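Reviewing the structure listed below.
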Number of protein chains: 2
Amino acid sequence: MQIDDIQQVRRFNRLVTQRAGALEESYLSRGRPLGEARLLFEIGVAGGCDVALLRTRLGLDSGYLSRLLRSLERQRLVELRKAEGDGRARSVVLTEKGREEFEAYEALSDEVAEDLLSLLDEPRRKRLIAAMGEIERLLRGAALEISVEDPASADARWCLEQYFAELSARFENGFDPGKGGGPPSSEMRPPNGWLLVARIDREPVGCGALMRLDEVAGEIKRVWTAPAARGLGVAARLMGRLEALARDAGFSIVRLDTNRTLSEARAMYRKLGYVEIPRYNDNPYAHHWFEKRL
Amino acid sequence: MQIDDIQQVRRFNRLVTQRAGALEESYLSRGRPLGEARLLFEIGVAGGCDVALLRTRLGLDSGYLSRLLRSLERQRLVELRKAEGDGRARSVVLTEKGREEFEAYEALSDEVAEDLLSLLDEPRRKRLIAAMGEIERLLRGAALEISVEDPASADARWCLEQYFAELSARFENGFDPGKGGGPPSSEMRPPNGWLLVARIDREPVGCGALMRLDEVAGEIKRVWTAPAARGLGVAARLMGRLEALARDAGFSIVRLDTNRTLSEARAMYRKLGYVEIPRYNDNPYAHHWFEKRL
DNA sequence: AAAATCATCTGACTAAAGTCAGGTAATGCA
DNA sequence: TGCATTACCTGACTTTAGTCAGATGATTTT
């Protein structure tokens with residue numbers, strides 16, 4: 001690692017935190033301490049949620065959070081009620097007045113961003129946005145964690161549900177997991193199957209599975225990235241890990257199939273070194289088959 | 001301005017401030033409140049300075065700052081003494097122990113930056129650094145302020161001194177302002193001369209002058225950018241403003257000369273539409289002459 | 001059904017950060 | 001010379017942000 005790089009990061013951090021301080025200051029303009037403003041904002045973004053979620057998201061002490069909520073309640077900005085399902089927990093929602101306040105904070109955030117952009121002419125603005133997007137993708141992608149997961153875990157099931165829902169939305173004739181979903185999820189457990197879940201900041205953002213086809217070949221299935229995490233290279237990282245798993249399991253070949261509507265996926269497989277091969281299974285939803293020698 | 005752009009800036013701000021929190025947290029690891037740590041750091045960066053400068057840089061109340069300084073003094077990290085020149089003012093310097101602490105904070109900053117970089121592989125790291133550099137240049141450049149200044153003002157004199165010092169360091173045979181410096185600074189006042197000073201965050205970072213040659217032609221001189229602000233497009237912005245001044249003054253041509261050692265300057269003049277012409281003056285330090293029709 | 005665990009609340013604290021109104025000595029200006 | 005201004009200091013105060021040790025009632029485990 002180069003010293004120049006470190007210096008660049010440090011200069012950048014200094015500059016950006018300085019500018020970002022403008023946001024905190026603008027938040028204070030509504031005459032409410034920052035802690036309360038942040039809390040109100042977080043409740044608004046979540047659109048009402050359980051107190052426990054706020055506690056972990058903002059990293060607050062439970063006593064402290066309780067008091068902050070009480071204060072917002074006294075200001076008639078939020079309402080607290082018992083959470084459904086668990087009588088111990090409580091959930092918060094914004095009142096009408098709270099929603100107005102939240103929107104005022106939204107407007108302030110927009111304003112700060114707009115002020116920044118207005119300093120630049122159109123081509124420079126484009127470059128700034130592009131560079132910000134690049135940094136965002138790189139940093140979010142860097143925070144990606146991939147782990148082998150039991151297919152029955154809550155996050156795994158969530159990912160798979162999303163995946164199937166997306167297939168049935170995108171495939172020309174819909175999608176029925178029973179017909180083309182391949183092996184049931186319960187088989188995606190070692191030693192003949194592996195399910196990976198990718199997370200960013202604890203939140204699941206993607207999945208992928210490897211199944212044993214025979215002694216020498218594995219099959220990659222159910223590679224999916226959450227819409228919010230696309231463009232970060234999540235799928236490519238999942239593929240890499242699946243191939244590593246395949247190698248560790250002693251496979252020398254991995255195969256996969258895909259539907260013709262998923263053209264981005266096909267482009268990615270090619271880029272990763274997969275070559276198209278003849279049909280090797282009877283999946284009615286597949287139009288292309290690929291393999292890669294490890 | 002597009003809504004997408006604003007959202008990108010907001011997402012970026014959120015992400016970056018979140019990561020920057022890591023730095024603040026690491027600063028706390030030395031068992032000193034953040035306020036004191038920041039102050040110590042600022043004194044160290046400045047290498048000792050007047051109290052008033054710290055007050056404006058950190059935006060602190062004078063009473064509060066006074067107490068913070070007292071606390072650092074009690075810890076034997078800094079020493080306060082009367083500022084030279086003004087008996088009311090005080091100046092601060094780090095003690096030996098203070099310097100050690102400062103360096104520990106420096107090391108922490110480096111570490112945080114390194115941790116970030118270590119999350120990425122080499123090509124991604126390169127992209128991150130490039131994007132950070134781009135953002136830094138754009139934002140710093142956006143904060144550039146250019147104004148017509150009296151050549152006797154402190155900032156103007158500082159810029160001109162720096163400019164002459166640099167010429168004498170770079171020219172093959174040194175530089176004597178008396179021989180090639182052109183008209184004395186006192187002539188750079190309307191209606192026959194204009195001196196521009198460029199500033200970023202109040203700090204002067206460059207200068208440039210326009211002088212009347214005759215009824216229809218102006219001459220651009222003393223265009224200089226402080227080393228710390230190079231690469232931000234300061235000189236190009238100064239040139240643009242000087243040309244605008246020339247147009248307003250009724251000139252239809254601007255000319256300028258330059259030394260052969262200043263190749264970046266020559267490249268910039270060409271890029272801005274200047275064309276090389278024969279010698280039009282007797283400046284012994286000039287090797288190239290340019291002009292541009294407005 | 002008892003015991004353990006959990007989510008939240010309450011009260012009693014503390015440290016940090018900051019504000020404000022004078023006060024003192026040095027400086028600048030008429 | 002004298003009066004306003006400036007740079008900093010001091011004391012008295014407030015707000016913000018947070019910690020911690022129980023208390024309470026719901027839920028889960030045994």
Side-chain angles (χ1 to χ4, degrees), chain A residues 17 21 23-43 46 48-75 77-93 154, chain B residues 17 21 23-43 46 48-75 77-93 154:
Chain A
T17 46
L23 187 69
E24 305 221 321
E25 248 173 59
S26 83
Y27 267 35
L28 287 175
S29 74
R30 297 198 66 76
R32 194 170 282 118
L34 215 55
E36 280 185 19
R38 270 200 281 255
L39 177 56
L40 184 68
F41 185 82
E42 203 66 43
I43 296 168
C49 59
D50 284 8
V51 170
L53 183 70
L54 292 173
R55 208 169 41 234
T56 57
R57 281 231 182 123
L58 295 170
L60 299 175
D61 171 87
S62 95
Y64 183 32
L65 176 57
S66 187
R67 238 175 294 272
L68 285 176
L69 284 171
R70 193 74 359 91
S71 165
L72 292 180
E73 203 177 21
R74 266 200 310 276
Q75 296 170 59
L77 297 170
V78 303
E79 268 169 23
L80 284 154
R81 51 175 73 127
K82 267 191 170 16
E84 44 202 294
D86 189 334
R88 292 167 301 182
R90 304 245 271 158
S91 72
V92 214
V93 285
Chain B
T17 45
L23 186 69
E24 306 221 320
E25 249 173 57
S26 82
Y27 267 35
L28 287 175
S29 74
R30 297 197 67 75
R32 194 170 282 117
L34 213 56
E36 281 184 18
R38 269 200 282 254
L39 178 56
L40 184 68
F41 185 82
E42 202 66 43
I43 296 168
C49 58
D50 285 7
V51 170
L53 184 68
L54 292 173
R55 208 167 43 231
T56 58
R57 280 229 183 127
L58 295 170
L60 299 175
D61 171 87
S62 97
Y64 183 33
L65 176 57
S66 186
R67 241 175 292 271
L68 285 175
L69 284 171
R70 193 73 359 91
S71 165
L72 291 180
E73 201 177 22
R74 267 199 309 275
Q75 297 169 58
L77 297 169
V78 303
E79 267 168 25
L80 284 155
R81 51 175 74 123
K82 266 192 175 7
E84 45 200 295
D86 189 333
R88 293 166 303 180
R90 305 246 270 158
S91 73
V92 214
V93 286

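Note: hydrogens, waters and symmetry copies are ignored here, and every other heavy atom, side chains too, is used. Keep in mind that what you see is a predicted model, and the values were worked out from it rather than measured. Just so it is clear: chains get the letters A, B, ... in the order the sequence lines come, proteins before strands, and each one is counted from 1.
Looking at heavy atoms from C-beta onward, Leu80(A) lies in side-chain contact with Val51(A) at the 4.5 angstrom threshold. Contact check for Arg55(A) versus Asp61(A): no side-chain heavy atoms found under the 4.5 Å cut-off.
The side chain of Arg70(A) has dT10(C) as its nearest neighbour among dT8(C), dT10(C), dA25(C). Distance from the side chain of Asp61(A) is smallest for dC20(D) among the nucleotides dC20(C), dC20(D), dC8(D).
Asp86(A) places its CG atom 15 Å from the C1' atom of dT24(D), with the value rounded to the nearest Å. In this structure, Leu54(A) places its CG atom 13 Å from C1' of dA7(C), rounding to the nearest Å. Atom pair Leu28(B):CG and dA15(C):C1' shows a separation of 12 Å (rounding to whole Å applied). Nucleotide dT6(D) holds its C1' atom 14 Å from the NZ atom of Lys82(B), rounded to whole Å. Regarding Tyr64(B), its OH atom lies at a distance of 18 Å from the P atom of dG11(D), rounded to whole Å. Nucleotide dT24(D) holds its C1' atom 13 Å from the CZ atom of Arg90(A), rounded to whole Å. To the nearest angstrom, C1' of dA17(D) lies 10 Å from CZ of Arg38(A). Atom pair Leu39(B):CG and dA17(C):P shows a separation of 11 Å (rounding to whole Å applied).
Take the nearest nucleotide of DNA chain C for Gly85(B) and for Asp50(A): the residue whose nucleotide is more 5' is Asp50(A). Between Glu36(A) and Leu53(B), it is Leu53(B) whose nearest contact on DNA chain D lies nearer the 5' terminus.
For the residue pair Ser29(A)/Glu25(A), the side-chain donor-acceptor check at 3.5 Å is not satisfied.
As judged by a 4.0 angstrom heavy-atom cut-off over every strand, Leu34(A) is placed among residues touching the sugar-phosphate backbone only. Here Gly87(B) lies in heavy-atom contact (under 4.0 Å) with sugar-phosphate atoms only. Across all strands shown, Gly35(A) has heavy atoms under 4.0 Å from sugar-phosphate atoms exclusively, and none from any base.
Between the side chain of Arg88(B) and the base of dT6(D) there is at least one donor-acceptor pair of N/O atoms closer than 3.5 Å. Below the 3.5 angstrom threshold, one finds a donor paired with an acceptor across the side chain of Arg67(B) and the base of dG11(D).
No option in Leu54(A), Leu53(A), Leu60(A) other than Leu53(A) meets the side chain to side chain contact (heavy atoms under 4.5 Å, CB included) test with Arg57(A).
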Next item on the list: Kindly indicate, with the supporting measurements, whether the criterion salt bridge (charged side-chain N to carboxylate O under 4.0 Å, His left out) is fulfilled by Arg38(A) and Glu24(A).
Entry: CA-CA 9 Å; Arg38(A) 270 200 281 255; Glu24(A) 305 221 321; 3.1 Å; yes
